[in-house]
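A short worksheet on the structure shown next.
Count residues from 1 along the sequence.
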Amino acid sequence: MNTEEAWVLDVAVQTPAHAGLGDLLSYAHTADLPAGTLVRVPLGRREVLGVVWGSRAAEGGQALLDGSLADADGVLLRPVSAALDALPPLDAHWRALVAFAARYYQRGLGELALAALPPQLRELDSTQLARRLKRRDRKAQLAAASEDGAARAPACEAALAPSPEQSAVLAALEAERTQGQAPRPALLFGSTGSGKTEVYLQAVARCLAADPAAQALVMVPEINLTPQLEARFRTRFAALGEGAVVALHSGMTNPQRLQSWLAALTGQARIVLGTRMAVFAPLPGLRLIVVDEEHDPSYKQQEGARYSARDLAIWRGQRQGAQVLLGSATPSLESWHHSRPAEGEAPAGRYLRLHMPSRIGAGELPRVRLVDMQQQPPKTLISAGLLEAMTQRIARGEQCMVFLNRRGYAPVLACTDCDWKSECPHCSAFRVFHKIDRTLRCHHCGFTERVPRACPTCGNPDIAPVGRGTERLEEQLAALFADIRRPDGGAVRIARIDADSTRHEGALEAQLAQVHSGEVDVLVGTQMIAKGHDFRRITLVAAVNPDSALFSSDFRAPERLFGLLMQSAGRAGRDSAWLAAQGSRAEMWIQSFHPQHPLFEALRGHDYPRFAAQQLKEREAAAMPPFAFQALVRADARTQEAAQAFLNAAGDAAEGLPGADEVMRYPAVPLAVQRVANVERAQMLLESGSRAALQRLLAAWQPVLQELRRGPAGQGLIRWLVDVDPQSI
């Protein structure tokens, strides 16, 4: 190689955060490569995957025999090992999304870029990748040939006739899309059972019909909601051919993820269904993004780069000219505020708000009944009224659902003599008692032990569970319904769905199938069963202990509780025709010690706008999101003192930095669960009325924090991180 044919490539690679190497590393190559090309490059003693971010012709310097290049300043640039040129480069829209996410969420460019790529890409060379692409192309050709050249049917031939409300929403989306400028994000505020999924299906069909190269991204908050949605999309869009609908989520194997990713990149996949990671899917023809259950906190990544997939979807749609449709029966207060209509002198929000208040089939929303547990006998599990209501439903062949957002048998095991409790030795939390396998299990670090035969402190054999989890609730309900009979004379059948009962592959699908087939009379579970599922025969839903979130220190707790209870209520009475044939009406029972709380009053009327108005008023008075912007700086250390000392030193060092005068910095405090796996955790909250000022400070603060980490203030520190727009404080 001579310097006349040498090029310098700036490559994004996944470098250690503490190394201080910067976002891009420079390498030598014999040819110019387009930005977005995947390459394999040396890094230390390893060879790693990277993404070309830019290039320039080498000027001056000296080319070496091994392919290295000594530039004009004498810096040695190592050569690129190989270019994965069998793949088309990742386009400018994808690179802009990654660059924005890295900048906004204060992470390394290479860290985000490489995390967005399928893990198996790191293992393949150019030849292996080309072979895979050929195999995939052959499969696509065989699938096309099997259609015997027949003309494909319209993509949406199985579509249902839309209701008047659905038609109005689709017309509004179409008008927004064809207005001649970038469409505004749209918030679809539709009650549970109003047919939001059908709107998604028809919006996707119209988008694909308008452009033969168009692609759509449909996002759901959790993996367990993906299979049923995937089945509906595959059925509806079967005419597009095999491989036109692909899934993308962390529950897939590495080869499956690579196959879906390649299909998206090459345009073969017209529709990508996925969880939050799918927001980074390479979609050159992206024209529509659907974010279902947009309020769900699962869209916020809680490890590594703590990005919000919902917010990135909105940013990506606006930059790529794609329409963004957010859907929810209980929108996040941020989205609700951004979609506010113009009132008086107040300007309208930035989003288009669309409303579908009615259930499909003229079905009624469940009637909400509140039970004052202070009027019940002590230690009552199920009030007499609720027990009678459930008994009547079961006798008619209907199903009931009981919601308790705490898994395990009991939150804690305790000694009645010496007050010993099942604390985790590695965390500042209790280990949960799981009766089925007789274990005490920490839900934070995973530490598990067998239940002791007697109190470890005083030897008392009388150690007892305190509180109630889904496992214990299932057992107690079985006892309450032991003498009740189904219409066929059989015993009442109770099933439990939570993270423990669905650990094995296929367990969730099998249990859901039992519910749908009518084999289950009473379904007990956590939030896993509260959202997204279309249970046709459930007519009564009960929440037995929802009070803990009412007085939480986290200002978002009431919003989450209201959404969870509304979603739970939405599982009841979804088949209005069957309900009418039963001569029944769906109900939601809530057992609370505070039934007069304003949250329950709004819930009784299914009145989300009333609840949102009250919450937004409180937040505006307190200058909290969406009327302010927040970030957390968190430190993990060997001792709580070391963690807080680092954060307080960081706070002092922020004085005088750009934006610091517009950002409120609170003193460092321990996290609610301050010790996990023998690591002490503390945090510092930053708050500002200006998003730009907060971003300026965070950007200027990064090198200062890196320097503090290496100095005396970093003694005992394990790691630190920044969480922008945190979901829990």
Side-chain angles (χ1 to χ4, degrees), residues 154-177 185-209 216 218-221 225-237 245 271 273 288-296 323-331 335-336 339 352-366 516 530-539 541 563 566-580 585-586 588 606 608-609:
C156 203
E157 66 174 1
L160 302 173
S163 69
E165 288 180 1
Q166 289 172 330
S167 296
V169 165
L170 289 165
L173 291 172
E174 184 76 10
E176 188 73 18
R177 186 173 63 84
L187 174 65
L188 176 55
F189 171 45
S191 66
T192 52
S194 62
K196 292 187 291 295
T197 303
E198 184 61 31
V199 169
Y200 305 155
L201 287 160
Q202 298 209 25
V204 169
R206 295 183 183 197
C207 168
L208 301 189
V218 181
M219 295 170 61
V220 293
L225 298 180
T226 308
Q228 63 184 33
L229 192 66
E230 186 178 352
R232 289 193 66 176
F233 269 85
R234 286 192 188 282
T235 300
R236 181 67 62 88
F237 294 98
V245 180
I271 302 167
L273 305 173
L288 174 66
I289 304 176
V290 174
V291 185
D292 189 26
E293 308 292 2
E294 66 85 29
H295 66 278
D296 199 294
Q323 189 165 48
V324 180
L325 176 58
L326 311 174
S328 177
T330 54
S335 296
W336 186 255
S339 67
L352 172 68
R353 185 185 295 177
L354 306 170
H355 193 194
M356 293 199 310
S358 306
R359 279 190 151 184
I360 292 296
E364 293 182 289
L365 289 167
H516 289 303
K531 51 194 175 186
H533 300 291
D534 191 19
F535 299 127
R536 309 302 291 177
R537 294 190 178 184
I538 286 181
T539 60
V541 172
M566 279 277 283
Q567 294 288 334
S568 299
R571 298 317 104 203
R574 296 180 72 87
D575 190 336
S576 56
W578 186 79
L579 201 63
R585 181 179 176 182
M588 169 72 168
H606 299 277
Y608 174 81

Query raised in the report: What heavy-atom pair brings C207 and L288 nearest, and what distance separates the two atoms?
Result: SG-CB, 3.9 Å
Query raised in the report: Looking at side-chain heavy atoms only, is the closest gap between L579 and D575 below 4.5 Å?
Result: no
Query raised in the report: With sequence neighbours left out, what residues match R537 under salt bridge (Lys or Arg N to Asp or Glu O under 4.0 Å)?
Result: none
Query raised in the report: How far does CD of Q166 sit from CG of L354, to the nearest 0.5 angstrom?
Result: 12.5 Å
Query raised in the report: For Y608, which residues count as a ring-ring contact (aromatic ring centres under 6.0 Å, His included) partner, sequence neighbours excluded?
Result: F189, W336
Requested in this report: Supply the atom-to-atom distance F233 CZ to L273 CG, rounded to the nearest 0.5 angstrom.
Outcome: 5.5 Å
Report task. Answer yes or no: is there a side-chain heavy-atom contact under 4.5 Å between P366 and H606? Result -> yes
Query raised in the report: Could you walk me through whether I271 and L208 pass the side-chain contact (heavy atoms from CB on, under 4.5 Å) check?
Result: CA-CA 9 Å; I271 302 167; L208 301 189; 3.9 Å; yes
Query raised in the report: Pairs in or reaching into residues 163-175: which pass salt bridge (Lys or Arg N to Asp or Glu O under 4.0 Å), with residues at least two apart or in two chains?
Result: E174-R177
Requested in this report: Could you tell me the separation between the CG atom of L201 and the NZ atom of K196, rounded to the nearest 0.5 Å?
Outcome: 13.0 Å
Report task. Return the minimal non-hydrogen interatomic distance between Q567 and A329, and the atom names on each side. Result -> NE2-CB, 4.0 Å
Query raised in the report: Distance-only, no hydrogens or angles: does the R574 side chain make a donor-acceptor pair with backbone N or O of D534 under 3.5 Å?
Result: no
**Report entry** Heavy-atom pair of closest approach, residues A569 and R359
**Finding:** O-NH2, 4.2 Å
Query raised in the report: Out of curiosity, L187 CG to H355 NE2, how far, rounded to the nearest 0.5 Å?
Result: 10.0 Å
Query raised in the report: Taking all atoms of both residues into account, what is the closest heavy-atom pair of V541 and S568, and its distance?
Result: CG2-O, 3.5 Å
Query raised in the report: Does some side-chain heavy atom of S335 sit less than 4.5 Å from a side-chain heavy atom of H295?
Result: no
**Report entry** Side-chain touch T192/M566, heavy atoms, less than 4.5 angstrom
**Finding:** no
Query raised in the report: Ignoring hydrogens and geometry, is there a side-chain-to-backbone donor-acceptor pair from R571 to A530 under 3.5 Å?
Result: yes
Query raised in the report: Short question: side chain of E176, backbone of L352 - any donor-acceptor pair under 3.5 Å?
Result: no
Report task. Taking all non-hydrogen atoms of both residues into account, name the closest pair between S328 and E293 and its distance. Result -> OG-OE1, 4.3 Å
Query raised in the report: Tell me, do V204 and R236 make a side-chain contact under 4.5 Å, heavy atoms counted?
Result: no
**Report entry** Atom of P331, atom of E294 and distance for their closest heavy-atom approach
**Finding:** CA-OE2, 3.2 Å
Query - Pair E198 + R232, salt bridge at N-O below 4.0 Å - result: yes
**Report entry** Main-chain N/O of P357 paired with S191 side-chain donor or acceptor, under 3.5 Å
**Finding:** yes
Query raised in the report: Within a strict 4.5 Å, meaning less than it, do heavy atoms of the L188 and L173 side chains meet?
Result: no
